[in-house]
Amino acid sequence: MRDLDGFPVRGLAVTYGDKARLDRHTHPWAQLVYAASGVMVVSTPTASWMVPPTRAIWVPGGTPHEIQMRGQVAMRTLYLAPSGADSRLDVCRAIEVAPLLRELILHIVRLGMLEMDDPAHARLEALLLDLLAAGETAPLELPLPQDPRARAFAARLMDQPGAAVSLAELARGAGASLRTLQRLFLAETGLPLEAWRGRARMQQAVVSLSAGASVTAAALDAGYQSPSAFIAAFRRTFGVTPARWRAA
């Protein structure tokens with residue numbers, strides 16, 4: 001299935017201020033949510049991603065999603081008409097934005113729209129789809145619980161990933177005991193609450209490193225008082241040290 005107006009890919013460039021929010025919405029077109037600068041939090045009914053400029057989120061058409069800005073964000077996003085071209089594009093996922101993909105996104109945004117009858121535009125679209133389908137998936141997804149109490153608690157943890165307080169302290173006023181929240185997170189996300197918080201902290205670490213923070217500063221941003229403990233946790237998650245990840 002292709003869009004009948006002759007424009008299979010549309011680009012949009014818009015700058016948002018800190019804490020701007022695009023409330024939950026849906027559209028028939030798939031969307032590649034990308035920001036040339038700044039950080040976004042992209043959420044669907046089942047998962048959330050923190051997105052620095054080294055990542056993009058692929059959102060298939062018809063998927064409800066919302067976007068929140070952290071700091072000023074230069075969004076450079078693409079909308080793609082439904083095609084069913086590749087089953088790898090049927091689900092939401094975080095994609096590593098390699099230099100070629102980044103430049104292609106920015107080029108299409110500058111063009112505004114790709115025309116179906118233009119051979120050069122058709123080649124750009126084919127390359128874009130190939131890069132998106134084959135793109136490496138970044139391990140940054142946070143599955144979200146559905147229970148309202150656990151969902152609100154998850155939002156608090158995402159807002160304060162580096163908070164130097166215990167889960168028991170954060171759970172006060174959540175409407176459920178820490179034991180109940182631990183049970184809900186495990187049942188509804190497949191992750192123990194402590195592991196879920198650890199993944200949220202790794203998302204924050206990636207954002208800090210992407211912004212040029214030192215390993216020590218990134219560790220503190222992510223709630224680690226010991227850089228060595230942070231480095232070990234980062235290596236377990238991503239397979240490389242923070243310094244090597246940043247250099248790459």
Item to check | Backbone of T44 reached by a side-chain donor or acceptor of S48 within 3.5 Å | outcome: no
Checklist entry - Any side-chain heavy atom of P99 within less than 4.5 Å of one from E103? => result no
Checklist entry - Any sub-3.5 Å donor-acceptor pair from T180's side-chain atoms to A176's backbone N or O? => result no
Item to check | Any donor-acceptor pair under 3.5 Å from E188 side chain to D147 backbone | outcome: yes
Checklist entry - So which pairs with a foot in residues 29-48 pass salt bridge (charged side-chain N to carboxylate O under 4.0 Å, His left out), sequence neighbours left out? => result none
Next on the checklist: In this structure, would M69 and V51 fall into the same cluster of hydrophobic residues linked by side-chain contacts under 4.5 Å?
Outcome noted: yes
Checklist entry - Any side-chain heavy atom of Y16 within less than 4.5 Å of one from Q72? => result no
Next on the checklist: Checking T15 against V73 for the side-chain contact (heavy atoms from CB on, under 4.5 Å) test, could you report, in this order, the C-alpha distance in whole Å, the side-chain angles of both residues, the deciding distance, and whether it holds?
Outcome noted: CA-CA 6 Å; T15 298; V73 171; over 6 Å; no
Checklist entry - Are I108 and L128 side-chain neighbours, meaning at least one heavy-atom pair lies under 4.5 Å? => result yes
Checklist entry - Side chains of W245 and S210: closer than 4.5 Å at any heavy-atom pair? => result yes
Checklist entry - Any sub-3.5 Å donor-acceptor pair from R10's side-chain atoms to Y79's backbone N or O? => result no
Checklist entry - Do I231 and F238 sit in the same hydrophobic cluster, where Ile, Leu, Val, Met, Phe, Trp and Tyr count as joined when their side-chain heavy atoms come under 4.5 Å apart? => result yes
Checklist entry - So, T54 and E96: side-chain donor and acceptor under 3.5 Å apart, yes or no? => result no
Checklist entry - Is the closest side-chain donor-acceptor distance between S214 and T216 under 3.5 Å? => result no
Checklist entry - Any side-chain heavy atom of L80 sitting closer than 4.5 Å to one from L129? => result yes
Checklist outcome for this item: Smallest heavy-atom separation, A134 atom then R93 atom, equals N-NH2, 4.5 Å
Checklist entry - How about L12 and V109: do any of their side-chain heavy atoms sit closer than 4.5 Å? => result no
Item to check | Nearest heavy atoms of V165 and R197, plus distance in Å | outcome: O-NH2, 2.9 Å
Next on the checklist: Under the criterion side-chain contact (heavy atoms from CB on, under 4.5 Å), I'd like the reasoning laid out for W58 against L89: C-alpha separation, chi angles, the key distance, then a yes or no.
Outcome noted: CA-CA 8 Å; W58 173 256; L89 300 179; 3.7 Å; yes
Next on the checklist: For a quick test of reading the model, state the closest non-hydrogen atom pair linking C92 to V59 and the distance between them.
Outcome noted: SG-CA, 4.0 Å
Checklist entry - Side chains of L124 and H107: does their closest heavy-atom pair fall under 4.5 Å? => result yes
Checklist entry - To the nearest 0.5 Å, what is the distance between CD (Q68) and CE (M50)? => result 9.0 Å
Checklist entry - Short question: side chain of R151, backbone of P145 - any donor-acceptor pair under 3.5 Å? => result yes
Next on the checklist: Please find the pair of heavy atoms, one from D221 and one from S208, that lie closest to each other, and give the distance.
Outcome noted: OD2-OG, 2.9 Å
Next on the checklist: Hydrophobic cluster membership, with links at side-chain heavy-atom distances under 4.5 Å among I/L/V/M/F/W/Y: are M158 and L178 in one?
Outcome noted: yes
Next on the checklist: Assigning hydrophobic clusters by single linkage (Ile, Leu, Val, Met, Phe, Trp, Tyr; side-chain heavy-atom cutoff under 4.5 Å), is V97 placed with L132?
Outcome noted: yes
Checklist entry - Nearest 0.5 Å, what's the CG-CZ distance between L181 and F185? => result 6.5 Å
Next on the checklist: Please give me the minimum heavy-atom distance between D18 and G71, naming the atom from each residue.
Outcome noted: OD1-N, 2.7 Å
Checklist entry - Would R70 and D159 count as a salt bridge (Lys or Arg N to Asp or Glu O under 4.0 Å) if you check the C-alpha gap in whole Å, the side-chain angles of each, and the deciding distance to 0.1 Å? => result CA-CA 10 Å; R70 299 276 180 90; D159 286 340; 3.4 Å; yes
Next on the checklist: Under 4.5 Å between side-chain heavy atoms, counting indirect links through other Ile/Leu/Val/Met/Phe/Trp/Tyr residues: same cluster for L131 and I95 or not?
Outcome noted: yes
Checklist entry - What's the verdict on side-chain contact (heavy atoms from CB on, under 4.5 Å) for Q203 and V41, showing C-alpha distance, side-chain angles and the deciding distance? => result CA-CA 10 Å; Q203 285 196 352; V41 177; over 6 Å; no
Item to check | Euclidean distance, R199 CZ relative to L191 CG, rounded to 0.5 Å | outcome: 4.5 Å
Next on the checklist: If I take atom CG from residue L193 and atom CG from residue L184, how far apart are they, to the nearest 0.5 angstrom?
Outcome noted: 10.0 Å
Next on the checklist: Assess, by modelled atom type and distance only, whether the side chains of H27 and Q31 contain a donor and an acceptor separated by less than 3.5 Å.
Outcome noted: yes
Checklist entry - Could you give the distance from CD1 (I67) to CG (D23), rounded to the nearest 0.5 Å? => result 11.0 Å
Item to check | Check: Y34/R102 side-chain N/O donor and acceptor closer than 3.5 Å | outcome: yes
Checklist entry - Hey, is the main chain of P60 close enough, under 3.5 Å, to the side chain of T63 for a donor-acceptor pair? => result yes
Item to check | Flag, side chain of T77 to backbone of L32, donor-acceptor distance under 3.5 Å | outcome: yes
Item to check | H65 backbone acceptor or donor facing H25 side chain under 3.5 Å | outcome: yes
Next on the checklist: Do F230 and R235 make a side-chain contact, defined as non-hydrogen atoms from C-beta onward lying under 4.5 Å apart?
Outcome noted: no
Next on the checklist: Please check: side-chain N/O of Q146 versus main-chain N/O of L144, any donor-acceptor pairing under 3.5 Å?
Outcome noted: yes
Checklist entry - Hey, what do you get for CG (L167) to CD (E194), rounding to the nearest 0.5 Å? => result 5.5 Å
Item to check | Evaluation steps, side-chain contact (heavy atoms from CB on, under 4.5 Å), between Q182 and L186 | outcome: CA-CA 6 Å; Q182 289 171 324; L186 182 58; over 6 Å; no
Checklist entry - Do any N or O atoms from the side chain of R156 and from the backbone of L170 form a donor-acceptor pair under 3.5 angstrom? => result yes
Next on the checklist: Which heavy atom of R149 sits nearest to which heavy atom of G175, and what is that distance?
Outcome noted: CD-O, 3.4 Å
